[in-house]
Amino acid sequence: MTPGGYAGKWLDVDLSKDKIREVEYGDKVLEQYLGGRGLAAKVLWDKVGDKYPELDPLDPKSPLMVYTGPMTGIYPGSRICVSGKSPVSMGTVGSTAATEFANEIKEAGYDGVTFTGKADRPVYLLVTDDGAELMDAGHLWGLDGEKTLIKLNKEVTAELTKRKPNVGLWKDPGMVYIGPAGENMVRNAAVMAKICHACGYGGYGALMGSKNLKAVVAKGRGPLPKVDAPEAAKLLWRRTHQILIGRTAMRRQGTGYAGYSVGAVTSSEPIRNWQEEWHDEKSYGGPMFEHRYWVKKKWADFNCTTNCMKISCIKTGKWKGDITDMPDYELQAYCGTNFGIYDPEANIHLSALADQLGHSGINGPNTAGFAVELHQRDILKDSDFGFKPKWGDPDTFDRIMRMMANREKIGDVLAEGTYRAALKIAEMKGLKPDELLKYAVHVKGIEIGAHGTRSDADYTHDISYAANVQGGDHTSTSVDGYNDMSGAVFTDSAVFCNFTYYGVPQSLVFDFAKAITGFDINLHKWRSETGPRIVTLQRALLMLGGPDLKWTPVKDDDNPPRFYEPLPSGPYKGKTTDRKLVDEKLKAYNETLGWDERGIPTKETLKKLDLGFLEKSVSKLR
Amino acid sequence: MSSIWIVRDYENCSGCRRCELACSMHHEGWMWPEASRIRVFMPFPGVEVPHLCAQCDDYPCVESCPVEALSVDGGTTAVIVDEETCIGCGACAKACPGTVPYLHPRDRKATICDLCGGDPECVKVCREAGYNALRLVHEGMSGHRKLFARNPVDVAKDLAVKFFGEKGEELIV
Amino acid sequence: MVKPLWIARDPSACSGCRRCELACSMHHEGWMWPEASRIRVFMPFPGLEVPHLCSQCQDYPCVEACPVEALSTDPDYGAVIVDREKCTSCGACIRACPGTVPYLHPGDDKATICDLCGGEPECVEVCTEAGYNALTIVNEGPSVHRKLYSRNPVDTARDLAVNMFGEKGEEVIE
Amino acid sequence: MTPGGYAGKWLDVDLSKEEIEEFSFPDETLEQYFGGRGVATKILWDRVGRRWSDLDALAPENPLIFATGPMTCYYPGARICVSGKSPVSNGVVGSTAATEFAVDIRTAGYDGVVFTGKAEKPVYLLVTDEGAELVDASHLWGLNGEKTLIKLNKEVRETLKKRKPDVGLWKEPGTMYIGPAGENMVRHAAVMAKICHAAGYGGYGSVMGSKNLKAVVAKGRGRLPAVNAPESVYLLWRKAHRDCMTNTTFRRWGTGHLGYGCGADTSSEPVRNWQEEWHDEKTMGVPHYMDRYWVKVKWSDFNCTTNCMKVSCIKAGRWKGDITDVPDYELQAYCGTNLGIFDPGDNIHISTLMDKLGHSGINCPNTMGYAAELYQRGILTENDIGFKLEWGDTEAFDRLAHMMAYREGIGDVLAEGTYRAALKIAHMKGLKPDELLKYAVHVKGIEIGAHGTRSDKDYTQDMCYAASVQGGDHTSTVTDGYSDMSGAVFQDSAVFCMFTASPSQELIFDFAKAVTGFPITVDSWRRVNGPRIVTLQKALLLMGGPDVTWEPVKDDDNPPRFYEPLPTGPYKGMVTDRERVDIRTQAYFETLGWDERGIPKKETLDRLGLSDVDPLMEKFRQ
């Protein structure tokens, strides 16, 4: 009998053979890996196994998972999780984004889709109550995010109305899709949703591009899956919303006010490719965005009352017509201060451009900032760009981002992501890699989120990124190998939003999880067993890595060189990340999780966590 | 029970769809957005339009039903569906100026808002969250109600122009 | 801080009825005196009404600037308190305030600043009663963002104009 | 001691001699005539009196009056009353509009202003706490309404800031001004405020134009005048607002839903110059205005919670950039259905144009509709007008409105108002006046408000215009000469808004007593104060002249069109019942103590303290 919260069926799509199967996963696997990030890593291993290091992520055989979790749609803040072998970190990333696609596919009776193979022509998958089918997407290939969504909305609604005309109006479908960046397999491209949402980390946009898969669309009319204890679930649902409704600051400002305060207060905001982390530009304060650009001040995703999102629209001037969300803090930083830009309008434009092109709003601009610093350091010349790039000039970064998406000139190299671009440019310019890696702010290939560790005043500290199996992913940072196991690892596997998790008592969330699934799930069990199992599996896959790249234990389990340079300005001037603390806490982290001092899972741990199947491959790493 | 009506301020709608959840939990026992009597359309992100019965003064749906499965609750002025008699022909959906009624996914029976007998759940959760996109007013029957039974895509087209100016005209085709 | 409290303000929801000015002046002055209200609604162009009141900046620039220490902060709710005897009407606090919020009282020429009505602001009460919610109480402690709200209302109105009227918005305020 | 609610001082401005004095009224006059319309009529009688018939309304001697009332600013909905000898009816109209000018003039210490004489170059009056002064306005002459307000806001704020720089921010002043129509003395031009408010009836815009007076501006910082019983005024103030807030429909739609309602429900809406009064065009329904155009859904005037106003803005298409209010019902009808226009966008455009040119949104489109019907009937030809003038052609009416405002071509004739234009065109075309007056929908020269009397379903029935001393003014219609005395006559004299008038008369008169301390009751107003004001207005209306004098009985009637059966709609065939008009007109005259021809009797004049008016009534008695 299907456990509560699950539709009970997953789709398995072989794009090469145009074959679609329905598969099921046993209760045991679901209890052990839940869904989303956890289940995706398990399914990836089951499909690839010991040949993992030889598998090129952009090869047709490389599977792409688009999974929900048992709590998706029911717990406030419904999201989808996209995963697989990451073309960026060579490990796996549970990359999530809020989208109606998540609850629509569950209403259609499926918990997720696994794609393998490569379609011979651009396609998109359409999932409805009557099953799934591959539709031609030739006319959508090459369109930017907004146009893709507009056309798909119209086309799918018309198709569904044609099939069942007299059931009343068909609502618009939920969908995830890629932009030009994904199509051209920009390594850190994102999987987009709702024009300005993105599964940004991991580069799964490139994975979709490599499979000629333009979009995944779903429209279901069934109920959300049954739960184990409905009455308890309803009570917990009301209680959770009451708590979320009480958080006035987050609801009113979202993260749109942090573009000023993370710089001015915690000195942890990337400025000109992280050369600085402090600024006090009042022109970049929340009200400067709110009054002139926010056309909707309370915008929420399915079943969420935090409504942290706002819609911005530029109504005058050069960029008239640009629409995006707020922008949220990460893009206020990366598409703003990281470029040396403190003008809200330019920031909104560059964020909207990143969404349209299908870039990840964090990784893409990180690479662009890296390129302009190389120009500042005279490693890259005007001729490489075809123009003279300047900090603080919106057109510079507008052109670089377009060049990256279309892989033109230097853009083709930069499209490989900051780490690989550094290696390539070193080769091109005849320099030692380390001379360039000095300016590359990434961990395990994944460009770091907009929270620095030097001031130690933000929530990101010493080993947040260094020990993280998802590298620079700021939404899943490591702490001590126990408390952080019930953080993003849990929310990305149960697949719901971090912002509706933090601030709600964890005991209440796990009661809710139990009421939904009926599993014997609680905070301690998750922190000591289920969480570590998923993270250990991810660690193993990450360290196996390959084929073009392998991370060296200990040496690559570290912050980027820049995070050890003293802060040049602001109240925390002179402070830097404490290397001694990093080494200590990294050792403690590995110990807690039962990994050896090089961070390789020991044989006993694998057995204890029921990960025996990894022993053969992992033993080679020891 | 004095005659009531649900006022809808589309620009306040956050798109959270809790109304769909509250309504389906009340009528169906569990979260079933597509069986909710109020459904939020989003032809373009940010342009959310809650779509529900407007209790027109001349009740075109009730008139059009070939088997008289629809009647009117004298108190709240809501349309009441007799599920046994309904044959799922969809006539009421076609007769409605805004195509509000739809056939229930489970049993293809006409599904129309019954105003929860006078204390609508959707209004409660919307007000609880402070959006006030749905507000309850105690007002008598009026000819203007029917004007609100509009196709949500047309409503969205107008809202898009109000939100985004000229760009709004390209967003919903 | 007895209970963290701040008046959140959403100018786009303001109807321009100015009842906040009446309620405030009746409370502090005994009678309707819009220009003696601690909250004043500016309307640089019809439709663009901006409630203008103290934001209790975290670093209280006005209190620092006062040459005769006539300004202090109330321990309970963090409001700025004016000692009208000490005030010499020099206007230092007006110039120090990023949004030029304080003004000299038309009656006794003394600096006049919102004192949050001891925790139950009258202006919020009448605004909520009318359902506009342009002014709402939020239980939030001091934050760096408060100072950003302290802006010249005409600049805020210029932004609102573009938001509401699009390109036309740039012509309606010179 | 000044009675409660009065500032106690008036300004007397002689524009020819550029002298400004202050004067006050004895308490007894204030108790009798209260303020606004009442005091204005008294001023006109005192200053003109016997010479009324030979005084040309557009001559310098005609006193132009801006009057507040004792309840202005205290009672919800602050307004100002503009009056003088009306160039349209040659009588007296108490024309009111909502404006912050009413607040600022009272806080500056004055209850009103009387202008006489004519300035030799354009000026505007500036009133502050320090007193009043005339300021050069030649740089404003010729500007449309919107630009005038924008420039004045800036200029006056800077002047005040220069004079008192250290008192903190100066708010913008309260302003009333005229547009090109007033400058070119279009007979029924309006006095504008807040870009889309207008003292529309009576044509006082042309009186301002005739005096070279571009605007009146005030900025006061004083308290509102003291009242007799502050505590009870406070309690009544809270109660009055609660009454305002109970009317949910009115707060939500204002009068914006009547553009459809008056046509479809009550068949009393002018369609194509009143040829029909019914329509069922769904496009005029309130959702089509609300969803696409209303950028602010709750917009109020000073101290008002009815917030019947909404800010509309056209953001795309031909009329991009037009900003107006709702449009309120009168302009939905007259700038829409009356011109055969049923598209909300076009309707908003014509309404905005009326505001910008300074036309009255009711009277001017009435004349334009009249011209269109003459074109339809071939009396006016294409070369008379210069272009085709078909129903529903927004561009054509746009051009005609400009021609009227700048008196070009046929516009010069039409600028004289429907009645006088009819006479002129009859003369031009060699036709008998009655053949042209058949289509002119006016009473006593004042074009009728957008509420017909034929269906008898609207609040305007049989003799409501015929017997009114303000003719076609739909805001001051009459019923029985007793109960209507405490309606518009009181509201226009106490000067507050009729939409916020509480349904309980008792509350209003308690409020008046608490403010002024006068022993005023509903009955005393209906028996004495009201009749006194209306009788004095009737006497002045009878004297009329110099170009037009209305004939008792013959002109105390509805326009011919209101006796033609309705051609369409549920009330097809219905017509105003002439017999009922005669009976109720006689009853009205009798109640007010006038003879059967409507001439005030001697004993009535004596009873009302108007004995010196009696000799002038002799020549009208048979």
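Bear in mind that the values here come from a model prediction, so they are computed numbers and not experimental data.
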What's the verdict on salt bridge (Lys or Arg N to Asp or Glu O under 4.0 Å) for A/Lys282 and A/Asp280, showing C-alpha distance, side-chain angles and the deciding distance? CA-CA 6 Å; A/Lys282 297 277 192 312; A/Asp280 189 16; 3.4 Å; yes
Would you please test A/Glu290 and A/Lys297 for salt bridge (Lys or Arg N to Asp or Glu O under 4.0 Å) and show each step? CA-CA 8 Å; A/Glu290 177 178 349; A/Lys297 296 202 170 171; 3.3 Å; yes
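In this structure, the side chain of C/Ser37 does not engage the main chain of C/Cys24 through any donor-acceptor pair within 3.5 Å.
By number of non-hydrogen pairs under 4.5 angstrom with chain C, the leading residue of A/Ala249, A/Gly246, A/Gly285 is A/Ala249.
The aromatic rings of A/Tyr334 and A/Trp274 sit perpendicular to each other, their planes meeting at more than 60°, with 30° as the lower class boundary.
Looking at A/Val265, the atoms closer than 4.5 Å to chain C (heavy atoms on both sides) all sit in the side chain, from C-beta outward. For C/Glu167, the parts lying under 4.5 angstrom from a heavy atom of chain A are both the backbone and the side chain. In this structure, chain C has heavy atoms under 4.5 Å from both the backbone and the side chain of A/Tyr257.
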